[in-house]
Participant: 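Before I ask anything, let me first share the structure, which is written out below as structure tokens.
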Protein chains: 2
Amino acid sequence: MAAAGRKGETWTPPPPGRHVYDYPRPAVTVDCVVLGLDADDLKVLLIQRGLEPYQHTWALPGGFVLPDEDLDTAARRELREETNIEDVYLEQLYTFGAPRRDPRGRVITVAYYALAKLSDYRVTAATDAESVGWYPLDKLPALAFDHADIILRAVERLRGKVRYVPIGFELLPPRFSLTQLQRLYEIVLERQLDKRNFRKKILSLGLVVETEELEQGVRHRAARLFRFDKKKYERLLKQGFEFAI
Amino acid sequence: MAAAGRKGETWTPPPPGRHVYDYPRPAVTVDCVVLGLDADDLKVLLIQRGLEPYQHTWALPGGFVLPDEDLDTAARRELREETNIEDVYLEQLYTFGAPRRDPRGRVITVAYYALAKLSDYRVTAATDAESVGWYPLDKLPALAFDHADIILRAVERLRGKVRYVPIGFELLPPRFSLTQLQRLYEIVLERQLDKRNFRKKILSLGLVVETEELEQGVRHRAARLFRFDKKKYERLLKQGFEFAI
DNA sequence: GTCATATGGTGTATCTTGTACACGAAGTAA
DNA sequence: TTACTTCGTGTACAAGATACACCATATGAC
């Protein structure tokens with residue numbers, strides 16, 4: 001959460017009152033918007049704040065950037081510490097620095113967004129000391145700070161990017177059916193797609209390849225599973241190929 | 001310039017050594033990549049640093065964010081103070097925060113990019129106390145800090161965005177010929193476009209409208225001038241219209 | 001094992017958009 | 001008048017987008 005109290009971890013805080021500067025400096029935090037795909041919608045991972053300000057209010061996972069730590073590293077560390085999420089697609093989103101966005105004083109936050117395979121992280125209600133939970137985007141609780149704005153911007157970014165960069169796959173398990181993939185695009189882009197045309201288009205790109213596996217545990221005909229051929233994509237990228245849905 | 005010494009201006013600095021915090025805090029700056037379009041290429045506006053570190057080295061205009069100042073405001077202020085540029089298209093680009101990007105200590109910079117009508121700002125060689133100059137992107141001088149990376153990212157952003165958002169017009173005067181517009185796209189996208197197809201496409205969008213004016217002072221047949229209909233664009237945007245070249 | 005139910009998986013015809021391509025018109029300058 | 005330079009235009013073809021419906025295959029209940 002932005003500008004929350006530092007949590008313990010292995011790092012030992014220096015004695016207070018020791019950092020003196022000629023000019024005032026803002027505090028700098030990172031916050032992460034983790035988006036995950038559920039059966040029928042996009043969800044965002046929130047944590048419930050344990051400390052003032054906004055105690056008990058839901059907020060984005062995040063916290064202070066350490067003195068010798070890269071911004072990306074800070075974002076990944078906070079994500080790990082507060083939600084146990086690791087190895088996700090993570091990208092810097094935007095930096096929010098309105099002078100009064102934090103009641104304690106000037107806090108500038110570098111926001112990140114992450115795409116997670118929601119099935120990997122079944123933290124569905126509460127897990128830790130603070131609670132952690134996935135919330136559908138259209139039923140967000142009241143949020144601390146300007147975190148609602150940050151989430152909005154993350155969703156905009158995802159919507160804009162998903163058509164031109166194959167990041168949608170980050171929201172799916174490694175093996176997925178074409179129906180799942182289509183549903184992903186329908187949810188993110190908020191419009192219906194034609195099944196046959198979608199398949200034609202996707203397969204024509206040659207980046208989604210058939211596997212031997214079939215969907216398991218469904219009570220109807222099982223769908224074939226496909227995978228995204230990342231290596232091929234990277235090869236094509238270098239040749240100026242453009243992904244587009 | 002990132003994390004340069006503060007310049008005088010009207011603001012009076014507080015007495016040194018007065019700002020004390022419990023935890024170390026980074027300094028936060030803004031830096032601006034101003035891009036302008038010349039006859040044959042994109043140029044970036046640089047200033048020559050008057051102070052250590054990197055004294056006399058070329059750098060991006062920028063400086064510290066004031067305690068009660070929004071980030072965008074800080075970027076515009078620095079641009080005005082250091083280069084006299086005002087009223088340009090300005091957008092946050094990316095935040096650079098590698099721990100040792102500034103030799104003086106931890107400095108995080110929020111980078112912005114701006115698009116300017118180069119003809120409005122003929123600061124071609126030196127203007128101020130420090131020099132200011134436009135440099136073509138393929139002939140940049142040695143740059144201070146990580147400013148070369150920042151410029152690279154700004155150009156990438158422009159290239160990615162110019163096809164889907166009508167920001168190219170920000171680089172042209174209010175009235176322009178279709179040949180000028182085509183040249184803009186050719187320079188930014190780094191590929192040749194077909195004249196007839198380009199015109200057909202542009203005019204079919206209905207956002208570039210003919211004026212009564214003709215090009216002046218050319219030694220051949222004068223081209224008709226057009227203008228970008230921003231109001232119409234904004235109206236269409238609300239209806240889900242998508243600009244694309 | 002048959003039937004009901006649910007989703008999987010496939011092809012074609014039409015329309016729209018992108019691409020390739022060349023020359024006369026209009027103005028200036030000598 | 002002529003030479004030069006850029007302006008401004010249309011058509012034929014290829015590629016890609018869209019609209020649209022039905023049989024196949026698996027499960028589960030009876």
Side-chain angles (χ1 to χ4, degrees), chain A residues 37-40 162-164 166 172-173 175-187 189-227 236 239-245, chain B residues 37-40 162-164 166 172-173 175-187 189-227 236 239-245:
Chain A
L37 189 69
D38 203 351
D40 334 87
V162 80
R163 291 181 49 200
Y164 306 111
L172 294 179
R175 305 294 162 108
F176 49 84
S177 69
L178 295 182
T179 300
Q180 274 180 291
L181 186 62
Q182 180 177 343
R183 222 199 40 227
L184 182 164
Y185 279 96
E186 289 180 337
I187 290 170
L189 301 177
E190 290 184 310
R191 80 187 140 93
Q192 295 300 108
L193 301 172
D194 178 82
K195 187 173 178 175
R196 280 173 291 190
N197 294 337
F198 178 78
R199 285 168 185 237
K200 207 190 310 176
K201 176 82 200 227
I202 282 287
L203 295 174
S204 76
L205 295 174
L207 294 172
V208 166
V209 298
E210 201 170 307
T211 71
E212 296 303 304
E213 295 170 57
L214 297 179
E215 207 176 4
Q216 299 294 323
V218 287
R219 57 164 136 256
H220 52 76
R221 175 175 175 185
R224 179 159 301 273
L225 298 184
F226 291 74
R227 63 181 181 83
L236 290 172
Q239 298 162 28
F241 167 84
E242 291 183 29
F243 178 92
I245 298 289
Chain B
L37 190 68
D38 204 351
D40 337 86
V162 79
R163 292 181 50 199
Y164 306 110
L172 293 179
R175 306 291 162 109
F176 50 84
S177 70
L178 295 182
T179 300
Q180 274 181 291
L181 186 62
Q182 180 178 342
R183 222 199 39 229
L184 182 163
Y185 279 96
E186 288 180 336
I187 289 169
L189 300 176
E190 288 183 311
R191 80 186 140 94
Q192 296 300 107
L193 300 172
D194 177 83
K195 187 173 179 178
R196 279 174 290 189
N197 293 340
F198 178 79
R199 285 169 185 238
K200 204 191 311 176
K201 178 81 201 226
I202 282 287
L203 295 174
S204 77
L205 295 174
L207 294 173
V208 166
V209 298
E210 200 171 307
T211 71
E212 296 304 305
E213 294 170 57
L214 298 178
E215 207 176 4
Q216 299 295 325
V218 286
R219 56 163 137 258
H220 53 76
R221 175 176 174 184
R224 178 160 299 274
L225 298 184
F226 291 74
R227 63 184 181 80
L236 289 173
Q239 298 163 29
F241 166 84
E242 292 182 28
F243 178 91
I245 298 288

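Just so it is clear, the values below take in all heavy atoms, side chains as well, and ignore hydrogens, waters and symmetry mates. In what follows, every chain begins at residue 1, and chains take the letters A, B, ... in the order their sequences are listed.
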Participant: Grab the CD-P distance between Glu210(B) and dC7(D) for me, whole Å please.
Facilitator: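 These atoms are roughly 15 Å apart.
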Participant: Write down the distance between CD (Gln216(A)) and P (dA26(D)), rounded to a whole number of angstrom.
Facilitator: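 One finds 12 Å between P of dA26(D) and CD of Gln216(A), rounded.
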Participant: Find the distance Gln192(A):CD to dC20(D):P and express it as a whole number of Å.
Facilitator: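 Value for this atom pair: 14 Å.
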Participant: Could you tell me the separation between the CZ atom of Arg191(B) and the P atom of dA20(C), rounded to a whole number of Å?
Facilitator: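 Result: 11 Å.
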Participant: Quick check on DNA chain D: between Ala222(B) and Asn197(B), whose nearest nucleotide comes earlier from the 5' end?
Facilitator: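 Closer to the 5' end of DNA chain D: Ala222(B).
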Participant: So for Lys200(B) and dT17(C), does any side-chain atom that can act as donor or acceptor lie under 3.5 Å from a complementary atom in the base?
Facilitator: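 Side chain to base: no pair below 3.5 Å.
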Participant: Taking all atoms of both residues into account, what is the closest heavy-atom pair of Ile187(A) and Ala39(A), and its distance?
Facilitator: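 Minimum heavy-atom contact is CD1-O, 4.3 Å.
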Participant: Are Phe176(B) and Phe226(B) close enough, and set up right, to give a side chain to side chain contact (heavy atoms under 4.5 Å, CB included), and what steps lead you there?
Facilitator: CA-CA 5 Å; Phe176(B) 50 84; Phe226(B) 291 74; 4.1 Å; yes
Participant: Between atom CZ in Phe198(B) and atom P in dC7(D), what is the gap in whole Å?
Facilitator: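 Computing the Phe198(B):CZ to dC7(D):P distance gives 13 Å.
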Participant: Is the phosphate of dA20(C) approached by Arg196(B) (side-chain N or O, under 4.0 Å from OP1 or OP2)?
Facilitator: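 False: Arg196(B) side-chain N/O out of range (4.0 Å or more) of dA20(C) OP1/OP2.
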Participant: Check for a donor-acceptor pair, side chain of Asp194(A) on one end and backbone N or O of Arg196(A) on the other, with a separation under 3.5 Å.
Facilitator: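 The answer is yes, because a donor-acceptor pair under 3.5 Å joins these two groups.
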Participant: Quickly work out the Leu214(B) CG to dT6(D) C1' distance and round it to whole Å.
Facilitator: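 About 13 Å, once rounded to whole Å.
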Participant: Please name the pair of heavy atoms, one in Leu225(A) and one in Thr211(A), separated by the smallest distance, quoted to 0.1 Å.
Facilitator: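 Looking at all heavy atoms of both residues, the closest pair is O-OG1, 2.8 Å.
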Participant: Looking at Glu210(B) and Arg224(B), would you say the former's side chain and the latter's main chain have a donor-acceptor pair under 3.5 Å?
Facilitator: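 No: the side chain of Glu210(B) does not pair with the backbone of Arg224(B).
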Participant: When you check every protein heavy atom under 4.0 Å of nucleotides 1-7 of chain C, what one-letter string (B, S, -) results, 5' to 3'?
Facilitator: -----BS
Participant: With a 4.0 Å cut-off on heavy atoms, is Arg224(A) in touch with a base, just the backbone sugar-phosphate, or nothing at all?
Facilitator: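 Sugar-phosphate, backbone atoms only, no base.
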Participant: Separation of Leu193(B) atom CG from dC21(C) atom C1', in whole Å?
Facilitator: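 It is 15 Å, rounded to the nearest whole Å.
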Participant: If each of Lys201(B) and Asp194(B) is mapped to the nucleotide of DNA chain C with the nearest heavy atom, which maps nearer the 5' terminus, i.e. the 5' end?
Facilitator: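 Between the two, 5'-proximity favours Lys201(B).
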Participant: From CG of Leu178(B) over to C1' of dT6(D), roughly how many Å is that when rounded to an integer?
Facilitator: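 Going from CG in Leu178(B) over to C1' in dT6(D) covers 13 Å.
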Participant: On a heavy-atom basis, which atom in Phe243(B) and which in Val162(B) lie closest, and how many Å separate them?
Facilitator: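 In terms of heavy atoms, the two residues are closest at CE2-O, 3.9 Å.
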Participant: Return the minimal non-hydrogen interatomic distance between Arg183(A) and Leu37(A), and the atom names on each side.
Facilitator: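 That closest heavy-atom pairing would be NH2-CD2, 4.1 Å.
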